[in-house]
Amino acid sequence: MADPAAPTSPADDGPPAAMTRREVLSALSGLFMGMFVAILAATIVTNALPTIIPELGGSQSVYTWIVTAELLAMTATVPLWGKLADLVDQKLLIQLSFALFLAGSLLAGLSQDTTMLILARVLQGAGAGGLTALVQIVMAAMIPPRELGRYAGVFGAIFAVGTVAGPLIGGVIVDTSWLGWRWCFLFGVPFTVAAMVLIQRTLNLTAVRRREVHVDWQGALLLTAGVSTLLIWVTLAGNDFDWISTPTALMVLGSVVLLALAVLVEARSPEPVIPLGLFRNRTVSLAIVASALVGIAMFGGTVFLTQYFQVALGYSPTKAGLLSLPLVGGLLVSSTVAGALITRSGRWKGYLIAGGVLMTLGFGLLSTIDAATSMSLLGIFMAVTGAGVGLLMQNLVLAAQNDVPAAELGTTTSVVSFFRSLGGTIGVSVLGAVLAAKVADGLGTAGGGSGGHGEATAPDISELPPEAVTLVQDTYAGATADLFLIATPLAALALVAVLFIREKALKTTSGAERLAAEQAPIPH
C-alpha cells in the first residue's frame with residue numbers, strides 16, 4: 001500500500017509477510033507522535049481562552065465554540081474515515097489526516113478573528129478524527145490481535161496523557177511572555193511535520209486488492225448532519241437555552257429526521273458508511289455500548305475534577321492539572337500492564353470485567369468527595385477510576401476487531417471510537433448542565449454555574465469575600481460529588497455490557513494477512 005512495487009494482489013506473491021517488531025515500532029513512532037499532538041489540540045486551548053477571546057474581539061458566546069468546533073468535527077467524521085480505510089490506501093489517508101490537521105493548526109495560529117479561528121478548529125477536528133480512527137486501524141493491519149494488546153495499552157496511555165496534559169501545556173505557553181497564545185496552535189506544527197516524515201519512511205503496508213471504491217456520500221452527509229445537530233444541541237442546551245424549550249424540540253426533531261433518513265439510505269447502499277449488519281454482531285454491539293459509557297468517564301472525569309480542584313479546593317489551573325495525575329497514572333499502568341498480560345496469555349475478558357468493576361467503584365468513591373476531602377484519598381479514588389478506564393478503553397476495541405472479518409476492520413474500529421467520543425461529548429454536556437443547575441440552586445443565582453460543555457463560568461474564589469468562599473467551595477464540591485453519583489450507575493451498565501461479551505481466542509495473523517487470505521481465490 002505504501003510501496004508502489006508491492007503486489008496488488010495477494011495471489012501474486014503469496015500472503016503478505018508479517019512485519020518484524022522493529023518495523024512495527026518504527027512505524028508506530030510516527031503514528032503515536034501525531035496522535036499525541038492531535039489529542040493535545042482538543043484541550044490545549046482551555047487555559048488560553050480568557051486571553052484569546054479579548055484579543056480577537058470575541059464575545060462570551062464563542063468561548064465554548066472554540067473548544068467545541070474541534071470536538072464536533074472530530075466526532076462526526078470518524079465513521080467516514082473508518083469506511084474509507086476499508087476501501088482505499090490507509091497510508092494515504094493517514095497523511096491526508098495529518099495534512100488537514102496541519103492546515104488547521106497553521107490557520108488557527110494565524111487567526112485574525114474568532115470566525116477564522118473556529119473554522120480552523122473544524123479543520124483540526126476533521127484531521128484529528130481521521131487520526132483517531134486510522135491509527136488504530138493501521139495498528140490492526142500491521143499487528144495480529146494476539147500481539148496487539150501491548151501496543152494498544154500504550155495507545156490508551158497516550159490518549160489519556162494527551163487529554164490531561166493539554167490544559168497544562170496551554171497554561172505554560174500562555175504564561176510565557178515570549179510565546180503567547182498563538183503557540184497553543186503552532187506548538188504541534190513541527191511535531192506533525194516530523195510525524196508525517198516518519199510515517200512516509202517507516203509505514204510500509206503490503207498492498208492488497210480492495211473492493212471497487214464506492215462511498216455512500218449521501219448517507220455520509222445525512223449521518224454527519226444528524227450527529228452534528230445532536231452534538232450542537234447537547235452543547236448549547238442548558239446554557240444558551242433550556243433543555244425543555246422550542247430550540248430543543250426543533251434540534252432534536254431535526255437530528256432524528258436526519259438520522260432516520262441516513263438509516264434508510266445506508267440500508268440500501270452497497271457500501272454504507274456504517275453497515276447496519278455490524279450491529280448484529282453481539283461483541284461489536286456490546287463493545288459500542290460499553291465504549292460510549294467509558295467516554296463519559298474519560299472526558300467527564302477530567303473536565304469536572306479539574307474544575308473541582310480550582311473552585312472547591314482553590315488550586316491554580318496548572319496545579320489542578322497536576323493533581324489529575326493519579327487518574328492518568330492509573331490509566332497508564334493498567335492499560336500497559338493489561339496489554340502485556342493479554343499478549344502473553346491470549347485471554348482478555350477478565351480484564352474488561354475488572355475494568356468495569358474498578359470504574360464503577362471509582363465513580364462511587366468520587367461521589368463521596370467534598371471540600372474537605374484529603375488529597376491522599378482523592379488520589380486513591382482517581383487512581384481506581386483511571387485503572388478501570390485503562391482496562392476497558394482499548395481492550396473493547398481489541399475485542400471488536402478480533403470478532404470481524406479483516407475487510408470490516410476499518411469500519412468496526414471507527415464505529416467503536418465514534419461512540420466513545422459521542423458518549424464523552426454528550427456526557428460532558430449533560431453533566432455540565434446538571435452541575436450548573438445544582439450550583440445555581442446552591443448559590444441562589446443562575447450565574448455561578450458552568451457552561452453546557454463543562455467550561456466553567458465559576459467565580460474566582462480569590463476575589464470573593466471570606467464569608468462567601470466557604471459557601472462557593474461547599475456548593476461546587478457537593479455538585480461535583482452528585483455528578484459522580486449520577487455516573488456510577490452508567491459505569492455499572494458498562495460492566496453489565498462487558499459481562500455479556502463472549503470471549504474468543506485472539507487471532508494470530510495481522511489484518512493485512514487476514515484480508516489477503518479472505519480475498520485469495522478458492523482452489524478448485
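When reading the values below, keep in mind they use all heavy atoms of this one structure, side chains included, and skip hydrogens, waters and symmetry mates. For clarity, every value in this text was computed on a predicted model and none was experimentally measured.
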Please report the interatomic distance CD1(I501) to CG(L352), rounded to the nearest 0.5 Å.
6.0 Å
Given 3.5 Å as the limit, does a donor-acceptor pair link the side chain of S334 with the main chain of L331, or not?
yes
So V37 and F98, do their side chains get closer than 4.5 Å, heavy atoms only?
no
If you count heavy atoms of other groups shown closer than 6.0 angstrom to CZ of F279, is the number above 12?
yes
Can you check whether A505's main-chain N or O pairs, donor with acceptor, with N402's side chain at less than 3.5 Å?
yes
L398/Y351 under side chain to side chain contact (heavy atoms under 4.5 Å, CB included): CA gap, chis, key distance, verdict
CA-CA 12 Å; L398 175 64; Y351 299 101; over 6 Å; no
Using side chain to side chain donor-acceptor pair (under 3.5 Å), reason through T412 and Q401 one step at a time and then give a plain yes or no.
CA-CA 7 Å; T412 301; Q401 289 176 333; over 6 Å; no
Any donor-acceptor pair under 3.5 Å from T360 side chain to G356 backbone
yes
Heavy-atom closest contact (A290 atom, L396 atom, distance):
CB-CD1, 3.7 Å
Check L134 against S97 and note the closest heavy-atom contact, atom names and distance.
CD1-OG, 3.4 Å
Checking K349 side chain against L499 main chain: does a donor-acceptor pair fall under 3.5 Å?
yes
Please check this pair: side chain of N281 against backbone of T283, looking for a donor-acceptor N/O pair closer than 3.5 Å.
yes
Quick check: are there more than 12 heavy atoms from other residues, nucleotides or ligands sitting under 6.0 Å from CZ of R282?
yes
Chi angles and distances behind the side chain to side chain contact (heavy atoms under 4.5 Å, CB included) call for F309, M375
CA-CA 10 Å; F309 290 137; M375 288 311 306; 4.0 Å; yes
Okay, side chain of S367, backbone of G364: is any donor-acceptor separation there less than 3.5 Å?
yes
If every non-hydrogen atom of A126 is compared with every non-hydrogen atom of W81, which pair is closest and at what distance?
O-NE1, 3.0 Å
When you compare the side chain of T248 with that of W233, does any pair of heavy atoms fall below 4.5 Å?
yes
To the nearest 0.5 Å, how far apart are CG in L332 and CG in L325?
10.5 Å
Restricting to non-hydrogen atoms, name the atom on L131 and the atom on A38 that form the minimum distance, rounded to 0.1 Å.
CD1-CB, 3.7 Å
Measuring only between side-chain heavy atoms, which start at C-beta, is V416 closer than 4.5 Å to R420?
no
Side-chain heavy-atom pair L259, V227 within 4.5 angstrom cut-off:
yes
Taking all heavy atoms of P326 and all of G379, pick out the closest pair and write down the distance.
CB-O, 3.5 Å
Let's go through L378 and L313 carefully: what are the C-alpha distance in whole Å and the side-chain angles of both, what is the deciding distance for side chain to side chain contact (heavy atoms under 4.5 Å, CB included) to 0.1 Å, and is it a yes or a no?
CA-CA 12 Å; L378 272 172; L313 302 186; 4.0 Å; yes
If you measure from OG on S291 to CG on L286, what distance do you get to the nearest 0.5 Å?
10.5 Å
Taking the side chain as everything from C-beta on, heavy atoms only, tell me whether V284 gets closer than 4.5 Å to V404.
yes
For the pair Q473 (side chain) and A371 (backbone), establish whether a donor and an acceptor sit closer than 3.5 Å, ignoring hydrogens and angles.
no
Is there a donor-acceptor pair closer than 3.5 Å between any side-chain N or O of T224 and the backbone N or O of L221?
no
Quick one: does S414's side chain have a donor or acceptor within less than 3.5 Å of a partner on L80's backbone?
no
Would you tabulate the side-chain donor-acceptor contacts of residues 380-389 under 3.5 Å, counting partners in other chains and residues two or more places apart, or write 'none'?
{"unit_1": "T385", "atom_1": "OG1", "unit_2": "F381", "atom_2": "O", "d": "3.0"}

Taking the side chain from E503 and the backbone from W348, do they hold a donor-acceptor pair closer than 3.5 Å?
yes
To the closest 0.5 Å, what do you measure between CZ (F484) and OG1 (T368)?
10.5 Å
With side chain to side chain contact (heavy atoms under 4.5 Å, CB included) as the test, would you mind laying out the steps for Q90 and I94 before giving the verdict?
CA-CA 6 Å; Q90 293 171 357; I94 282 276; 5.6 Å; no
Interatomic distance, M35 atom CE to L28 atom CG [nearest 0.5 angstrom]:
13.0 Å
Return the minimal non-hydrogen interatomic distance between A338 and L391, and the atom names on each side.
CB-CD2, 3.4 Å
